[in-house]
Amino acid sequence: MARWCAGNGWPVHPLAPGRKTPQANCPACKAQHHDPRTCPCPRAGRPCHGFHAGTTDPRSIDNWWTASPHSGVGVACGPANLIVIDVDAHSATVPDRSRLLPGIPIHDSVDLDGLASGFDTLALLAAYRQQPDPAQDTTTLRVRTPSGGLHIWYRLPNPAVRYRSSAGSSPKVALAWQVDVRAEGGYIVAPTTRLRQGTYEPLGDTRQPAPLPEWLANELSRTGHVVVPPQQPRPVAVPPARGPRRPQVAHRLLDPLLDEVARCGTVPEGAAFTEKLNRAAFTAGGLAAAGHLDESATRELLTATAHAARPQQTSQNEKIIHDGLAAGAARPLHLKGRS
């Protein structure tokens with residue numbers, strides 16, 4: 001399956017055997033946070049950093065799956081120009097009707113009895129727009145998940161327009177309740193991948209993604225999924241360094257704060273993400289102003305960590321980081337007496 005995906009031009013990376021999460025990073029990458037885009041591991045043939053290691057190179061693919069033949073296959077959606085509508089069927093309390101379809105008020109006269117999953121909210125959205133239900137779209141690749149959900153694969157008709165990933169439970173960027181979006185900054189499990197709970201089974205005879213329907217593209221735009229290239233931030237004025245540089249000591253102070261930001265990725269909301277990212281950026285700005293860290297490299301590190309934890313709000317992440325660095329730069333953090 002990995003070679004078949006790569007043959008379609010979709011970069012792939014191995015998943016942990018029996019699981020839908022990427023293989024663990026190498027020890028060096030586990031030990032220290034760094035920007036996945038500059039990590040030498042993928043270029044050296046090590047599948048670190050999940051979808052960032054995605055490749056279509058046959059030699060790397062053969063090496064990875066020869067070393068771990070039971071690994072599943074992940075597809076990096078952004079580089080593959082794919083967008084996948086991930087319909088969940090989890091057992092969960094149905095929220096208030098105002099949160100089922102973000103931005104669309106559902107009148108009290110609409111009978112919602114029986115609504116229980118993303119299949120229902122996606123069908124409701126299609127009905128509101130007088131369009132066919134994507135879950136029934138036999139013209140595109142559809143994959144039943146082991147949990148009873150559905151992956152509806154589409155390709156981007158215009159690769160210049162990028163879409164961000166999102167979770168259906170997000171109060172900010174979401175398409176519908178229990179309907180996730182896998183796109184830029186995310187990956188999708190390839191069909192036929194086996195988990196302990198079951199197999200990702202393709203439905204019907206269609207094995208290729210159809211172009212993203214125009215009405216769905218409009219809905220994704222309406223709900224804030226279009227990725228807008230960030231404006232270049234103004235450089236933070238960093239005063240000249242005073243005293244000796246102590247980058248190792250500085251990282252011992254900064255890395256635990258970055259760990260707190262990274263752990264927010266396991267909690268969709270209520271993790272105090274903004275506060276933790278601001279604290280890390282403020283500390284980094286103070287360390288850079290005192291000459292212990294390189295401001296540009298530190299900004300990239302903060303950005304990579306934040307985007308991994310909250311990929312659906314890249315512009316907001318970058319604003320928090322910029323403001324935190326600027327505030328920290330005004331108060332250089334010297335490390336006298338620290339060891």
Problem set entry | Distance (rounded to the nearest 0.5 Å) between Ser296 OG and Glu300 CD | 5.0 Å
Problem set entry | Step-by-step side chain to side chain contact (heavy atoms under 4.5 Å, CB included) determination, Leu254 to His292 | CA-CA 11 Å; Leu254 178 62; His292 302 296; over 6 Å; no
Exercise. Does some side-chain heavy atom of Leu175 sit less than 4.5 Å from a side-chain heavy atom of Asp180?
Worked result: no
Exercise. Among the clusters formed by ILVMFWY side chains lying less than 4.5 Å apart, do Phe51 and Ile61 turn up in the same one?
Worked result: yes
For this session: Please answer whether the main-chain N or O of Val73 pairs with a side-chain N or O of Thr193 as donor and acceptor at a distance below 3.5 Å.
Result: yes
Exercise. Residues two or more places apart in sequence or in another chain: which of them pass ring pair (Phe, Tyr, Trp, His ring centres under 6.0 Å) with His307?
Worked result: none
Exercise. Same cluster or not: are Val87 and Ile83 linked, directly or through other Ile, Leu, Val, Met, Phe, Trp or Tyr residues, by side-chain heavy atoms under 4.5 angstrom apart?
Worked result: yes
Problem set entry | Main-chain N/O of Ala135 paired to Arg142 side chain as donor or acceptor, under 3.5 Å | yes
Distance-only check: which donor-acceptor pairs under 3.5 Å involve side-chain atoms of residues 103-113, not counting sequence neighbours?
unit_1: His107; atom_1: ND1; unit_2: Ser109; atom_2: N; d: 3.0
unit_1: His107; atom_1: ND1; unit_2: Ser109; atom_2: OG; d: 2.9
unit_1: Asp111; atom_1: OD1; unit_2: Asp113; atom_2: N; d: 2.9

For this session: Over all heavy atoms of both residues, which pair between Pro191 and Pro202 is shortest? Give the atoms and the distance, please.
Result: CB-CD, 4.2 Å
Exercise. With a 4.5 Å heavy-atom cut-off, do Thr223 and Val173 have their side chains touching?
Worked result: no
Exercise. Within the distance-only criterion (no hydrogens, no angle test), does the side chain of Asn317 pair as donor or acceptor with the backbone N or O of Arg310 below 3.5 angstrom?
Worked result: yes
For this session: Could you tell me whether the side chain of Thr56 and the main chain of Pro11 form a donor-acceptor pair under 3.5 Å?
Result: no
Seminar exercise, completed: Hits for ring pair (Phe, Tyr, Trp, His ring centres under 6.0 Å) against Phe119, two or more places apart or cross-chain, chain-then-number order -> none
Problem set entry | Pair Ser71-Gln23, side-chain donor/acceptor within less than 3.5 Å | yes
Exercise. Is any side-chain heavy atom of Glu295 less than 4.5 Å from a side-chain heavy atom of Thr298?
Worked result: no
For this session: With the side chain counted from C-beta on, respond yes when Glu201 and Thr192 share a heavy-atom pair under 4.5 Å apart, and no when they do not.
Result: no
Seminar exercise, completed: Between the CD1 atom in Ile85 and the CG atom in Leu125, the distance rounded to the nearest 0.5 Å is 9.5 Å
Exercise. Which atom names give the shortest non-hydrogen contact between Thr55 and Ser60, and what distance separates them?
Worked result: CG2-CB, 4.0 Å
Exercise. CZ/Arg97 to CG/Leu124 distance, rounded to the nearest 0.5 angstrom?
Worked result: 9.5 Å
Problem set entry | Test salt bridge (charged side-chain N to carboxylate O under 4.0 Å, His left out) applied to Glu184 and Arg164, step by step | CA-CA 5 Å; Glu184 197 76 18; Arg164 69 181 83 254; over 6 Å; no
Seminar exercise, completed: Here the gap from Ser91 atom OG to Gln178 atom CD, rounded to the nearest 0.5 Å, amounts to 8.5 Å
Problem set entry | Main-chain N/O of Thr274 paired to Asn278 side chain as donor or acceptor, under 3.5 Å | no
Exercise. Under the 3.5 angstrom rule, does the side chain of Ser170 hit a backbone N or O of Ala167 as a donor-acceptor pair?
Worked result: no
For this session: Before giving the answer on side chain to side chain contact (heavy atoms under 4.5 Å, CB included), spell out for Tyr200 and Leu195 the whole-Å C-alpha distance, their side-chain angles and the decisive distance to 0.1 Å.
Result: CA-CA 8 Å; Tyr200 286 79; Leu195 304 186; 3.6 Å; yes
Exercise. Thr140 side chain to Trp153 main-chain N or O, any donor-acceptor pair under 3.5 Å?
Worked result: yes
Exercise. Step by step, would you call Lys20 with Val189 a side chain to side chain contact (heavy atoms under 4.5 Å, CB included)?
Worked result: CA-CA 7 Å; Lys20 60 181 181 180; Val189 180; 3.9 Å; yes
Exercise. Is the closest side-chain heavy-atom distance between Ile321 and Leu277 below 4.5 Å?
Worked result: yes
Problem set entry | Minimal non-hydrogen separation, Ala174 against Pro102, with atom names | O-CG, 3.5 Å
Seminar exercise, completed: So the ring-ring contact (aromatic ring centres under 6.0 Å, His included) pairs with at least one residue in residues 154-192 (sequence neighbours excluded) are His13-Tyr187
For this session: Can you tell me which residue pairs pass the ring-ring contact (aromatic ring centres under 6.0 Å, His included) test with a partner in residues 72-104, sequence neighbours excluded?
Result: none
Exercise. Counting only N and O atoms by type, is there a donor-acceptor contact under 3.5 Å from the side chain of Asp88 to the main-chain atoms of Val179?
Worked result: no
Exercise. Between Cys29 and Cys39, what is the shortest heavy-atom contact and its length?
Worked result: SG-SG, 3.6 Å
For this session: Scan residues 60-83 for pairs that pass salt bridge (Lys or Arg N to Asp or Glu O under 4.0 Å), counting only residues two or more places apart or in two chains.
Result: Arg3-Asp62
Donor-acceptor pairs under 3.5 Å, side chain of residues 206-217 to any protein atom, not counting sequence neighbours: which ones?
unit_1: Thr206; atom_1: OG1; unit_2: Thr138; atom_2: O; d: 2.7
unit_1: Arg207; atom_1: NH1; unit_2: Gly204; atom_2: O; d: 2.9
unit_1: Arg207; atom_1: NH2; unit_2: Gly204; atom_2: O; d: 3.2
unit_1: Gln208; atom_1: NE2; unit_2: Asn8; atom_2: OD1; d: 3.2

For this session: Identify the heavy atoms of Cys26 and Cys41 that sit nearest to each other, and give their distance.
Result: SG-SG, 3.6 Å
Exercise. Can you list every salt bridge (Lys or Arg N to Asp or Glu O under 4.0 Å) pair that touches residues 272-282, not counting sequence neighbours?
Worked result: Glu260-Arg279, Glu275-Arg279
Exercise. Checking side-chain contact (heavy atoms from CB on, under 4.5 Å) against Val181, which of Val84, Leu220, Asp86 comes through?
Worked result: Leu220
For this session: Measure the shortest side-chain to side-chain distance between Leu302 and Arg299 over non-hydrogen atoms and say whether it is less than 4.5 angstrom.
Result: no
Problem set entry | Which residues share a ring pair (Phe, Tyr, Trp, His ring centres under 6.0 Å) with Trp4, sequence neighbours left out | Trp10
Problem set entry | Residue pair Pro47 / Pro22, side-chain heavy-atom distance below 4.5 Å | no
Exercise. What pairs with Ser117 under side chain to side chain donor-acceptor pair (under 3.5 Å), at least two apart in sequence or on another chain?
Worked result: none
For this session: With the side chain counted from C-beta on, respond yes when Val161 and Asn158 share a heavy-atom pair under 4.5 Å apart, and no when they do not.
Result: yes
For this session: Report yes or no: do Leu115 and Leu150 belong to one cluster of Ile/Leu/Val/Met/Phe/Trp/Tyr joined by side chain heavy-atom distances under 4.5 Å?
Result: yes
For this session: For His52, enumerate each residue passing the ring pair (Phe, Tyr, Trp, His ring centres under 6.0 Å) test, keeping only those at least two apart in sequence or located in another chain.
Result: none
Exercise. Between Ser147 and Gln197, is a side chain to side chain contact (heavy atoms under 4.5 Å, CB included) present by the stated rule, with each step listed?
Worked result: CA-CA 8 Å; Ser147 63; Gln197 300 89 342; over 6 Å; no
For this session: May I ask whether Leu203 and Leu122 are part of the same hydrophobic cluster, defined by side-chain heavy atoms of I, L, V, M, F, W, Y residues being less than 4.5 angstrom apart, directly or through others?
Result: yes
Exercise. Under a single-linkage definition using a 4.5 Å side-chain heavy-atom cutoff for Ile, Leu, Val, Met, Phe, Trp and Tyr, are Leu287 and Phe282 assigned to the same hydrophobic cluster?
Worked result: no
Exercise. Hey, is the main chain of Trp65 close enough, under 3.5 Å, to the side chain of Ser68 for a donor-acceptor pair?
Worked result: no
For this session: Kindly state each residue pair satisfying salt bridge (Lys or Arg N to Asp or Glu O under 4.0 Å) with at least one member in residues 41-60, sequence neighbours excluded.
Result: none
Problem set entry | Minimal non-hydrogen separation, Ala190 against Cys5, with atom names | CB-SG, 4.0 Å
